[in-house]
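What you see is a predicted model, and the numbers here were worked out from it, not measured in a lab. Chain letters run A, B, ... following the sequence lines, proteins first and then strands; every chain starts at 1.
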Amino acid sequence: MTGEEQVYALFVQANPVPDPAVLPLELEASAPLLYPVEERDGKMLTEERSRTEAPKQKRSWSRPLAAATVAFVLVVAVGGAAWLFAGEADSPDPGEAATLFAAEDADTTITFDGQVVTYDGPELVSRGYVEFTFMNGLDEAATLVWWRFHDQAALDAELARQDPGEELALEPDTPQPADAVRQFEMRVPAGGDEVARLFMPAGWYLVDVVTTESGYADYAWRADVIVEVVP
Amino acid sequence: MASDEARFDGLYDRHYREVLAYCLRRCDPVDGYAAANEVFEIAWRRIGELPEGEGELPWLYVVARRVVWKQRRSNTRFRRLMTRAGTVPAPRQPDPGTVVVQRAEFERVLEAAHRLSRQDQEVLRLAAWEGLPHAQISEILGCSVAAVDQRLHRAKIRLAKQLHGAVRSGTDVAKGGERP
């Protein structure tokens, strides 16, 4: 047995759940294993929160900037079904009706302040011109590259091919998307803002936002803004 | 509708524990159970799209993979927000019921695996822990069987290098093949 195979055999033995058959079906059934939970004090009162107007649909997320990180990737998938990431918790349920915004009303801002990336915009827009504002808070230029896929299957295949992992990071040698057209580019200087009015035909868009540090390959982080554009 | 329910019941009986095990191998218990439940919630919503027969389990694993990935990302974001807010919740302790890694060598090999790329980790786990044949792994990862063979082979080599490197140095080594 080679050294690799021995290590692999050790990894096989290190399986945290070697026998699924003995797993309790409910978490409650493993109560002794649960972490200590806060016990409710008898003096505690229950107050129902007053209902407020539903907030505007907005997605925001953040990621750390490691010292050596020099880029991030933003994915905007524009097109058909919302089940782009099957099973993802904050993906819209296919059964839910989204509010349709006319393209010209679609106020979309992508902000990166060096620590937080925020997308502010509707999830469903009609085909037409959409104004995108990209605010680059980095101390280096960033480029948004818009790839357009003709169908969801092609984009799904691309996303399945490229697993950005927990940190949404793409490998430095990530090949360019296949079966896609390079539709637009936006280059934004360090600390600058750029506004682009783009005609968005129906389809699926993958927008990579990449920066390059001299001496390194492009680095990229993939985010999950999902926008549907309907004809 | 009755047939859908019967099919879902059968699906649950056949595969719930396998999906739960998949999730628990990648999450802590609370998140693992939540992820498994979410997988079956999605399966129920998409019962009409489920492949028949042997395709069921790979389909569920694909969903589970995305659910777990999403969950980790959410947790990471939450921790980052808390970090900025100045209140970092302590990470959950490993559950003694599911984490049976007690031997130091197991811990070392798991630490070494954790330093691999996400792709390497997943192909190793699917092969070693889920025990799936390469054809099913190729379905889950969306690549050819030959690519799975190659990925797994390379992942084994990198795992051994990570482990031996860690043993030699006695300290954490940089993520092999990863960005700085």
[X] and [Y]: which non-hydrogen atoms are nearest, and at how many Å?
| X | Y | answer |
| --- | --- | --- |
| Ala14(A) | Trp129(B) | O-CZ2, 3.9 Å |
| Arg25(B) | Asn15(A) | NE-OD1, 2.9 Å |
| Pro24(A) | Leu20(B) | O-CD2, 3.5 Å |

Query - Distance (rounded to the nearest 0.5 Å) between Tyr8(A) OH and His153(B) NE2 - result: 13.0 Å
Requested in this report: Mind checking the CD-CG spacing from Glu18(B) to Leu23(A)? Nearest 0.5 Å is all I need.
Outcome: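 Rounded to the nearest 0.5 Å, the CD-CG separation comes to 11.0 Å.
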Query raised in the report: What part of Leu141(B) is in contact with chain A, defined as an atom under 4.5 angstrom from a non-hydrogen atom: side chain, backbone, both or neither?
Result: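 Leu141(B) touches chain A through backbone heavy atoms alone.
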Report task. Check each atom of Ala155(B) against the heavy atoms of chain A and say whether the ones under 4.5 Å are side chain, backbone, both or neither. Result -> neither
For residues [X] and [Y], determine if any side-chain heavy atom of one lies less than 4.5 Å from a side-chain heavy atom of the other.
| X | Y | value |
| --- | --- | --- |
| Gln13(A) | Val109(B) | no |
| Tyr22(B) | Pro20(A) | no |
| Lys156(B) | Val7(A) | no |

